[in-house]
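To start, the structure under review is shown below, and the notes come after it.
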Number of protein chains: 2
Amino acid sequence: MARKTGSHSEITGPLVRAAAQRLIAAHGFAAVSMRQIASAVGVQAGALYLYTPDKQTLLFNIMRDHLQELLTTWADQAQHEHPIGRLETFCKFHINYHIDRPDEVFIAYMEMRNLEPDNFAAIETLRHEYEDQLETILLAGQSSGDFKLPDSRLATMAIIAMLTGVNTWYQEDGRLSRQRVERIYWNMVRRAVGA
Amino acid sequence: MARKTGSHSEITGPLVRAAAQRLIAAHGFAAVSMRQIASAVGVQAGALYLYTPDKQTLLFNIMRDHLQELLTTWADQAQHEHPIGRLETFCKFHINYHIDRPDEVFIAYMEMRNLEPDNFAAIETLRHEYEDQLETILLAGQSSGDFKLPDSRLATMAIIAMLTGVNTWYQEDGRLSRQRVERIYWNMVRRAVGA
DNA sequence: GTCTATAATCAGATAGAC
DNA sequence: GTCTATCTGATTATAGAC
């Protein structure tokens with residue numbers, strides 16, 4: 001193999017991230033070696049260290065960036081005034097956002113245990129912030145009388161688990177269209193919260 | 001350390017399984033070494049190979065036994081005649097069974113990707129059998145007019161995801177009692193299926 | 001049944017050539 | 001910016017002593 005020359009940092013950097021995301025989602029962080037990532041990018045293992053100080057930071061950045069983008073994207077969409085409308089928007093947003101980013105979502109859920117303590121705490125805080133977005137909606141609906149829920153925190157966890165589960169079975173060209181999936185999930189959530 | 005003598009196969013075998021379960025649930029299959037498992041049991045790494053032909057089989061047996069016991073335990077409880085009663089029994093069974101076996105459940109969901117192809121297929125079949133147990137209930141309730149669901153397969157996946165999610169937050173001495181958790185989840189499921 | 005020792009391989013990360 | 005070469009240490013699994 002001929003040696004590569006010239007500057008590619010603006011190309012290779014994103015490629016490293018993309019390859020790491022794909023491989024870690026498929027095989028797990030601990031099961032993927034730096035050599036595998038390098039091979040997928042088309043460079044040698046040593047070259048990866050130009051783009052990340054170490055393997056742990058690579059994982060942490062993938063998870064942090066995913067959750068931060070999730071939060072900012074939701075912040076842009078959370079405009080509805082009424083609890084029912086806001087809950088519907090949240091359901092459809094959550095489903096679409098997760099369907100579109102299966103690898104990031106999978107990693108953010110599955111690789112918590114491979115984070116070092118400080119990184120773990122930071123990611124847990126971001127995830128908690130997102131859960132609070134839904135709980136705030138449920139509490140507002142409770143106050144307004146739109147929802148009937150004995151425990152808003154349990155309902156928050158139940159709804160997020162239900163919606164995120166879409167990634168375990170949904171396929172883009174499958175039996176159900178994206179719009180149909182959105183609508184069915186929303187109907188189940190709507191009924192579950194007593195709206 | 002003095003060398004151990006005498007026969008302990010009936011003691012050590014289950015200890016190996018138990019240690020492997022605990023460690024794999026905590027750190028992930030790929031991240032746990034045979035030496036760590038051996039150390040947790042109190043033997044040397046080489047001795048583990050008296051109880052498993054290799055690391056892969058150890059994982060497979062943990063997952064297979066968990067799912068087989070899940071299926072047989074449910075088969076013993078599935079007595080209710082009416083769809084609503086059967087669904088209630090299923091919800092409470094699923095929640096309790098999962099709360100009681102967090103490690104096995106976690107491994108069965110998270111370590112699919114570390115199974116070799118044949119083992120993966122076998123575990124997937126068992127998981128599918130369990131999902132079919134719930135779908136059968138939903139289809140019966142649909143036919144009898146007790147449930148109103150646009151898609152029974154989606155509802156099956158949604159309900160299982162929602163109920164299994166209890167393991168991500170439930171704590172035995174937490175704010176909510178087990179009976180209360182069972183009842184709240186059942187109420188959300190009952191409303192979600194339109195009963 | 002368990003140990004020690006070892007084979008063969010692979011890991012993450014770094015140094016220095018180009 | 002990337003490569004090659006290398007360091008250091010860990011990995012699964014086996015062989016043979018006891």
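Just so it is clear, the model here is predicted, and its values are computed rather than measured.
Taking 4.0 angstrom as the limit, A:Ser33 places a side-chain polar atom (N or O) nearer than this to OP1 or OP2 of C:dA11. In terms of phosphate contacts, B:Gln44 brings a side-chain nitrogen or oxygen within less than 4.0 Å of OP1 or OP2 of C:dT4.
Near DNA chain C, meaning a heavy atom under 4.0 Å away, there are no residues from residues 110-121 of chain A. Only A:Asp54, A:Lys55, listed by number, bring a heavy atom of residues 50-59 of chain A to less than 4.0 angstrom from any atom of DNA chain C.
With sequence neighbours excluded, the residues satisfying salt bridge (Lys or Arg N to Asp or Glu O under 4.0 Å) with A:Arg178 are A:Asp100, A:Glu172. Shown here are the ring-ring contact (aromatic ring centres under 6.0 Å, His included) partners of A:His98, two or more places apart in sequence or in another chain: A:His94. Under the salt bridge (Lys or Arg N to Asp or Glu O under 4.0 Å) criterion, A:Glu111 pairs with B:Arg113, not counting sequence neighbours. A search for salt bridge (Lys or Arg N to Asp or Glu O under 4.0 Å) contacts involving A:Glu135 returns A:Arg153, not counting sequence neighbours. Checked against salt bridge (Lys or Arg N to Asp or Glu O under 4.0 Å), A:Arg86 has no partners two or more places apart in sequence or in another chain. Applying the ring-ring contact (aromatic ring centres under 6.0 Å, His included) test to A:Tyr185 and every residue at least two apart in sequence or in another chain returns nothing.
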N/O donor-acceptor pairs under 3.5 Å from side chains in residues 15-24 of chain B, not counting sequence neighbours:
from, atom 1, to, atom 2, distance (Å)
B:Arg17, NH1, B:Asp65, OD2, 3.0
B:Arg17, NH2, B:Asp65, OD2, 2.9

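B:Val32 comes within 4.0 angstrom of sugar-phosphate atoms only, judged by non-hydrogen atoms across all strands, and of no base.
Taken together through direct or relayed side-chain contacts under 4.5 Å among Ile, Leu, Val, Met, Phe, Trp and Tyr, A:Trp74 and A:Leu163 form part of one hydrophobic cluster.
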Identify the pairs formed between an N or O of the protein and an N or O of nucleotides 7-9 of chain D at a distance under 3.5 Å, and give each distance.
none

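Residue pairs meeting the salt bridge (charged side-chain N to carboxylate O under 4.0 Å, His left out) criterion with at least one member in residues 66-85 of chain A, sequence neighbours excluded: A:Glu69-A:Arg101. Listed by first and then second residue, the salt bridge (charged side-chain N to carboxylate O under 4.0 Å, His left out) pairs involving residues 38-61 of chain B amount to none (not counting sequence neighbours).
Proximity note for B:Thr12 (side chain, C-beta onward) versus C:dT2, D:dA13, C:dG12: the nearest is C:dT2.
If you take CD1 of A:Ile11 and C1' of D:dT2, they are 14 Å apart, rounded to a whole angstrom.
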